[in-house]
Amino acid sequence: MLCASYTYFLYILSDSKFRWQHVCISIHILGIIMSNPKSHDGIPILDLSQPLQPSSLFSLYKAAKDWGVFYIINHGISKDLCSHIQSLSKNLFNLPSDTKLRLGPFSSLKSYTPHFIASPFFESFRVNGPNFYVSANTSSEILFDKNDSKFSVMIEEYCSKMEDLSKRIVKIMLMSLGEGMEKKFYNSEFKKCHGYLRINNYSGPDVMEEEVEGLGMHTDMSCITILYQDEIGGLQVRSKEGEWIDISPSEGTLVLNIGDMLQAWSNDKLRSSEHRVLLKNHFNRFSLAFFWCFENDKVICAPDEVLGDGNKRMYKPFVCFDYLKFRENNEKGRFDKVGFTVRDFAGIKAQ
Ligand SMILES: O=C(O)CCC(=O)C(=O)O
Ligand SMILES: [Fe+2]
């Protein structure tokens, strides 16, 4: 069995067609020997209460390569914490527009995205790390003209759990790229990552004759994004062939999206997921998106070991902050839309 798993790690480093088929055959055999990870709509579920098996790593790698998405369960974030944040966030979203705009795009904090920026049906508050308590508290003081720390304490708790989870998932993604990759690259490349949280509220039109886009198709600029969605549903991810599939909500399940930074760093071995949110009824939808990103001044450049022998470099090395600015400048007043992705910014065009 050990022998078989070593074969997998050897071959995963290479992308040539012949070798790739070989991996699939080896893993198919492994899958029979070891228990297969559970899956949901063909997209695997990472169960953090279980030891990682080579077969689970392979499923995650495959999902991250093909879709840029998988599910996480037994992650240690309680349903109660999410529900409390959801109910306290209602107090923010229910405020009059004028009040919310104190944090809007023309304010100094710029932590509120009002309706009609990303879509008519989407609004969002942003909380920045590393001190999530201070960030949340500053915003709530501006909105409510008083200090109420309950909300900020919960945000702090949620985000500090998200930070731990993000570190764990990045390590797992590195392991999925091949034996020794985590040890080699976690500290040198990912140690200075930082996070921010977006608290999202969707409200469809009162009369819905057809489904509407709550959030148009986009990729995230992060390394990874961890998403909590309530029970309403509507999140979809696009396959390479252009087919949309539902990422259905399920209690206790978080969604992991690969973002642009990890796509570029892994030289397209991991795919930044193209996703959107469709609203199918007039119920409000709530989600929490935690973005885990490289530090602004990091130069993103796929290491040779990740590239593998004979594989072409897909991206010119670039500074993380320059990409963020590129997205912002090209999308003045808009959200992160496909069309201005990392490929458009730093992709090396095929000759
Ligand atoms: O609300 C969701 O399910 C997705 C949110 C999202 O994609 C984002 O905030 O980037
Ligand atoms: Fe997103």
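Note: hydrogens, waters and symmetry copies are ignored here, and every other heavy atom, side chains too, is used.
Other residues, nucleotides and ligands contribute more than 12 heavy atoms inside 6.0 Å of the CZ atom of Phe144. Residue Lys150 qualifies as open at atom NZ: its count of foreign heavy atoms under 6.0 Å is 12 or below. For Lys240, the NZ atom sits in a packed shell: over 12 heavy atoms of surrounding residues, nucleotides or ligands are nearer than 6.0 Å. Within 6.0 Å of the NZ atom in Lys110, the count of heavy atoms belonging to other residues, nucleotides or ligands exceeds 12.
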Using side-chain contact (heavy atoms from CB on, under 4.5 Å), reason through Lys79 and Tyr228 one step at a time and then give a plain yes or no. CA-CA 10 Å; Lys79 167 83 186 130; Tyr228 163 83; 3.4 Å; yes
Between Leu177 and Phe185, is the side-chain contact (heavy atoms from CB on, under 4.5 Å) condition met? List the steps. CA-CA 11 Å; Leu177 287 175; Phe185 294 117; over 6 Å; no
Steps toward side-chain contact (heavy atoms from CB on, under 4.5 Å) verdict (Ile77, Glu157): CA-CA 10 Å; Ile77 287 105; Glu157 184 184 344; over 6 Å; no
Tell me, with the steps shown, if Ile300 and Tyr315 meet side-chain contact (heavy atoms from CB on, under 4.5 Å). CA-CA 9 Å; Ile300 301 182; Tyr315 300 90; over 6 Å; no
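Side-chain contact between Leu256 and Leu46 is absent, with no heavy-atom pair separated by less than 4.5 Å. With a 4.5 Å cut-off on side-chain heavy atoms, Trp67 and Ser273 do not count as touching. Between Lys316 and Ile348, some side-chain heavy-atom pair lies under the 4.5 Å cut-off. At least one side-chain heavy atom of Met261 sits under 4.5 Å from a side-chain heavy atom of Cys293. Using a 4.5 Å cut-off on side-chain heavy atoms (C-beta onward), Asn201 and Leu92 make no contact. Residues Asp268 and Arg343 form a side-chain contact, since some pair of their non-hydrogen atoms from C-beta on lies under 4.5 Å apart.
Within the 3.5 Å criterion, the main-chain N or O of Lys100 finds no donor-acceptor partner in the side chain of Glu123. Without hydrogens or angle criteria, His84 side chain to Phe151 main chain gives no donor-acceptor distance under 3.5 Å. Looking at Ser176, its side chain does come within 3.5 Å of a backbone N or O of Met173 through a donor-acceptor pair. With Asn267 contributing its side chain and Lys312 its backbone, the two residues share a donor-acceptor pair below 3.5 Å. A donor-acceptor distance shorter than 3.5 angstrom exists from the side chain of Arg168 to the backbone of Leu48, with no hydrogens or angles considered. In terms of modelled atom types and a separation under 3.5 Å, the side chain of His218 and the main chain of Gly216 share a donor-acceptor contact. Looking at Ser222, its side chain never comes within 3.5 Å of a backbone N or O of Phe291 through a donor-acceptor pair. Side chain of Ser266 to main chain of Leu262: a donor-acceptor pair is present (N/O by atom type, distance under 3.5 Å, no hydrogens or angles). Under a 3.5 Å cut-off, the side chain of Ser59 and the backbone N or O of Ser55 do form a donor-acceptor pair. Of the possible polar contacts, none joining the Ser135 side chain to the Asn131 backbone as a donor-acceptor pair under 3.5 Å is found.
Interatomic distance, Arg238 CZ to Thr219 OG1, rounded to the nearest 0.5 Å: 11.5 Å. With rounding to the nearest 0.5 Å, the separation of CZ in Phe290 from CG in Leu254 is 12.0 Å. Atom OG1 of Thr138 and atom CG of Leu109 lie 6.5 Å apart (nearest 0.5 Å). With values rounded to the nearest 0.5 angstrom, Met175 atom CE is found 12.5 Å from Met181 atom CE.
Taking a cutoff of 4.0 Å between a charged side-chain nitrogen and a carboxylate oxygen, Asp145 and Arg102 qualify as a salt bridge. Taking 4.0 Å as the cut-off between side-chain N and carboxylate O, Arg198 and Asp220 do not count as a salt-bridged pair. For the pair Glu189 and Lys298, the salt-bridge criterion is met [side-chain N within less than 4.0 Å of a carboxylate O]. Ion pairing between a basic and an acidic side chain is recognised when a charged N comes within 4.0 Å of a carboxylate O; Glu163 and Lys167 show no such pairing.
Minimum interatomic distance between Pro114 and Pro105 (heavy atoms only, all atoms of both residues): CD-CD, 3.7 Å. In this structure, Gly104 and Ser107 approach most closely via the heavy-atom pair O-OG, 2.7 Å. Annotation for Arg276 and Leu215: closest pair CB-O, 3.3 Å, computed over non-hydrogen atoms. The two atoms that bring His75 and Leu165 nearest to each other are CB-CD2, 4.0 Å, heavy atoms only. Taking both residues in full, the closest heavy atoms of Lys184 and Ser188 are given as O-OG, 3.2 Å, listed atom of the first, atom of the second, then distance. Closest of all the heavy-atom pairs between Asn296 and Val319 is O-CG1, 3.6 Å.
Scanning for salt bridge (charged side-chain N to carboxylate O under 4.0 Å, His left out) contacts around Asp322 gives an empty result, with sequence neighbours left out. Shown here are the ring-ring contact (aromatic ring centres under 6.0 Å, His included) partners of Phe345, two or more places apart in sequence or in another chain: Phe318, Tyr323, Phe326.
Just one residue in the list Val153, Val127, Leu81 forms a side-chain contact (heavy atoms from CB on, under 4.5 Å) with Tyr158, and that residue is Leu81. Results of the ring-ring contact (aromatic ring centres under 6.0 Å, His included) test with Tyr202 over Phe93, Phe121, Phe122 single out Phe122 as the only residue that passes.
A donor atom on one side chain and an acceptor atom on the other are not found under 3.5 Å apart for Ser83 and Asp80. A donor-acceptor contact under 3.5 angstrom links the side chains of Ser152 and Asn137, judged on distance only. Checking Asn200 against Ser124 by side-chain atom types alone, a donor-acceptor pair falls below 3.5 Å.
Aromatic rings of Phe190 and Phe294 (six-membered ring for Trp) have centroids within the 6.0 Å cut-off, being under it.
Ile226 and Tyr186 fall within a single hydrophobic cluster, where Ile, Leu, Val, Met, Phe, Trp and Tyr side chains are chained together by heavy-atom contacts under 4.5 Å. Two different hydrophobic clusters hold Ile232 and Trp244 under the rule that ILVMFWY side chains link at heavy-atom gaps under 4.5 Å. Cluster annotation: Ile155 is not connected to Tyr133 through the hydrophobic network of ILVMFWY side chains, with a link wherever side-chain heavy atoms come within less than 4.5 Å. Hydrophobic clustering keeps Met154 apart from Val134 (ILVMFWY residues linked when any side-chain heavy atoms are closer than 4.5 Å, directly or through intermediates). Linking Ile, Leu, Val, Met, Phe, Trp and Tyr whenever their side-chain heavy atoms come within less than 4.5 Å puts Phe286 and Met162 in one cluster.
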